[in-house]
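The residues of the chain are indexed from 1 along the displayed sequence.
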Amino acid sequence: MADSIGDGTTQESIQKLSRAYSDVREQMSQVIVGQDEVIEQLLIALFSRGHCLLEGVPGLAKTLMISTLARCLSMDFARIQFTPDLMPADITGTDVLQENRDTGQREFRFIKGPLFHNVILADEINRTPPKTQAAMLEAMQERQVTVGQERHQLSDPFFVLATQNPIEQEGTYPLPEAQQDRFMFKVFVKYPSFAEEKQIAKQTTMLESDQIKPVLTGEEIVELQKIVRQVPVTDHIVEYALALVRQTRVSEPGAPDFINEWLSWGAGPRAVQNLLLGGKSRALLNGRSHVSTDDIDALAQPVLRHRIVTNFSAESEGVTPDRVIQRLVEETPSKEGELTSDPRLQKIFAA
């Protein structure tokens, strides 16, 4: 496959991905009402080989949305309900001692756990102990599981969507910031509008008649994930993403005053990587072969909201991570000449 995005094969793939995006949204609309932004972010993460952490109150169809997406993409789907008594072997699999009928000898056989599926719904991941969370995060990062002394490769594509409930925090094990950093996006699932909720009420109290048709196979998704990485980005886009992320680092040269006032910790290099990969995917989903600053701006909140830590001063003033990120985007010049000539940002580029 050619490296140039202008190559005919690649252009055909871009059109295929854009069409698939439209087809997936059309299929999901039979079951899911609204939530267009959430669906877009899920697909961006999928084609970027990333994972998503979804947060929302109960009853917003997070589980239904994810299972419907799996049906649209013709991939194996497994739901893991995380509970305080869930052990690592319950999700990774375990070695079982069995007798070989041919030889009569006993030998260990590995029984695969639910992680050996393409799409994993880790439901209420903050309700299970750190040991099981760590096993899940190893699978996400390394795309393998370790059982005893053996390593087992997971399926490809492998896409994890974890949910956590922002209320009822009693008896939970919140994910540390370092572990949340393994997720490409933290996606907020919000309440529907009045019109959307009215449609939900009518649609879910009638006979079910959805006919979801798969529009992409696992092999096609792997191919499209490779296409995403071939999308070129200009030095200006890379510098813009770097400027946004590096400004979140407290006490660093060029950090705005409000960052030093509201944050106790900023984002690391993985944030820049995810902004650029997400920008590439978003451009392709919209039928474009180039990444713009608008793509970076659109993904700044889901990429950064779980990678920055607000301090007591921000919390006492009701300042959320999203508000910090929005102000950062507003105060960072997006035009190339203005970005590189800004005196404060020059300190960032020189650091």
Does some side-chain heavy atom of [Y] sit less than 4.5 Å from a side-chain heavy atom of [X]?
X	Y	result
F188	D322	yes
V215	Q27	yes
V119	L69	no
R182	R270	yes
L339	Y240	yes
L275	D295	no

Compile the donor-acceptor pairs under 3.5 Å between side chains in residues 40-55 and protein atoms, sequence neighbours left out, one pair per line.
residue: Q41; atom: NE2; partner: E37; partner atom: OE2; Å: 3.3
residue: S48; atom: OG; partner: I44; partner atom: O; Å: 2.8
residue: S48; atom: OG; partner: L277; partner atom: O; Å: 3.4
residue: S48; atom: OG; partner: S281; partner atom: OG; Å: 2.7
residue: H51; atom: ND1; partner: V160; partner atom: N; Å: 3.0
residue: H51; atom: NE2; partner: M140; partner atom: O; Å: 3.2
residue: E55; atom: OE1; partner: Q164; partner atom: NE2; Å: 3.0
residue: E55; atom: OE1; partner: K186; partner atom: NZ; Å: 3.3

- Message: Can you confirm whether the side chains of D85 and T83 place a donor and an acceptor under 3.5 Å from each other?
- Response: yes

*asked:* Under 3.5 Å, is there a donor on one side chain and an acceptor on the other for R344 and Q247?
replied: yes

Common cluster, V309/V250, ILVMFWY with side-chain heavy-atom separation under 4.5 Å: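 V309 and V250: separate clusters.
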
Residues pairing under ring-ring contact (aromatic ring centres under 6.0 Å, His included) where one sits in residues 127-153, two or more places apart or in two chains, turn out to be F110-H152

For this session: Answer yes or no: is there an ion pair linking E252 with R249, defined by an N-O contact shorter than 4.0 Å?
Result: no

